[in-house]
Amino acid sequence: TQSGRAEPVGNGHRGSLYQTKGGLTDRGLVHGLISFGTIENQSPVRHPLRFHQFFMKQHLSKCFFAIFEKTDNANPSAEVSPFMPVTTLLPSSIRAVLFDKDGTLFDFHETWRPVLLEAADHAAGGDPLLAAQLLAAGGYDAISRKFVADSVIAAGHSGELAELWCHLGAVVSREQLHPYLDALFVEGGVKHAAPVTDLPDLFRQLTAAGLTLGIITNDSESSLLAVIEHYRLADYVAFAAGYDSGYGAKPQPGMVHAF
């Protein structure tokens, strides 16, 4: 948010709505942030009607943004049933939802672990010791088999990863490695994708509720579009942007402003 500070609206517990101080834009909109809990090792709730329950129980490295008009009618303190439709939880003033892709709609670790293992092996020329060093530098914890939050792998884009790996001794040049990673991520991002719920049903419900939907990612635009096509989301997604779409990469605000 522009103000950089969020204050709880309602009871202030995880899962409640947060509104920024001084977050009004020239269109009279408030940037809101819905933040969810961090309980790990919970099985994903596969039914979209319980989607919010999954978010409140899963450890998410990211969150999604909601843009909504200033209103005095919403009641975030109201009692919420764990089996209410996801659209029931949204104040009527919310007009659009912008999702991050990996770590929000897709399990980041399950999706990208096999892809990054293959990528590191290629960058290391088949040398397992060098591949392990490249992965560790990129943010992969071989013991937990998970990626560290805010690492280059988790939060950066393929160009940054290629630059890092080449600096650490990758056997291919950055000019060769960067396009290789982009191509591999398009293929592997679909092949190994692990959605957290029935995405077509979820997006259908949100669109039927009148919401405009978008997805952003630090993956490439072509990789994002391949996933959207594979999961039949094209009819529901009004905005899709990757690090190379012309709006800048996250965490810069260009994608959000474009949405």
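All values derive from a computational prediction rather than experimental measurement. Scope of the values below: all heavy atoms of this structure, side chains included, with no hydrogens, waters or symmetry mates.
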Within the distance-only criterion (no hydrogens, no angle test), does the side chain of [X] pair as donor or acceptor with the backbone N or O of [Y] below 3.5 angstrom?
X      : Y      : answer
Thr207 : Arg204 : no
Trp165 : Ala170 : no
Arg113 : Arg145 : yes
Asn218 : Lys250 : yes
Arg174 : Gly159 : yes

Hey, which of Met255, His157, Lys101 is the one that makes side chain to side chain contact (heavy atoms under 4.5 Å, CB included) with Thr217?
Lys101
Only one of Leu181, Leu135, Leu184 clears side chain to side chain contact (heavy atoms under 4.5 Å, CB included) with Leu116; which?
Leu135
I need the single residue from Asp219, Asp182, Asp244 that forms a side-chain hydrogen bond (donor to acceptor under 3.5 Å, both in side chains) with Ser158. Which is it?
Asp182
Out of curiosity, Leu225 CG to Ile215 CD1, how far, rounded to the nearest 0.5 Å?
9.5 Å
Does one hydrophobic cluster hold both Ile94 and Leu105, with members joined at side-chain heavy-atom distances below 4.5 Å?
yes
Do Val148 and Val152 belong together in a cluster built from hydrophobic side chains that touch within less than 4.5 Å?
no
Heavy-atom pair of closest approach, residues Leu168 and Ala137
CD1-CB, 3.2 Å
Side chain proximity check, Ile216 to Phe259, heavy atoms < 4.5 angstrom
no
Ring pair (Phe, Tyr, Trp, His ring centres under 6.0 Å) partner of Phe203, the single match among Phe99, Tyr231, Tyr236:
Phe99
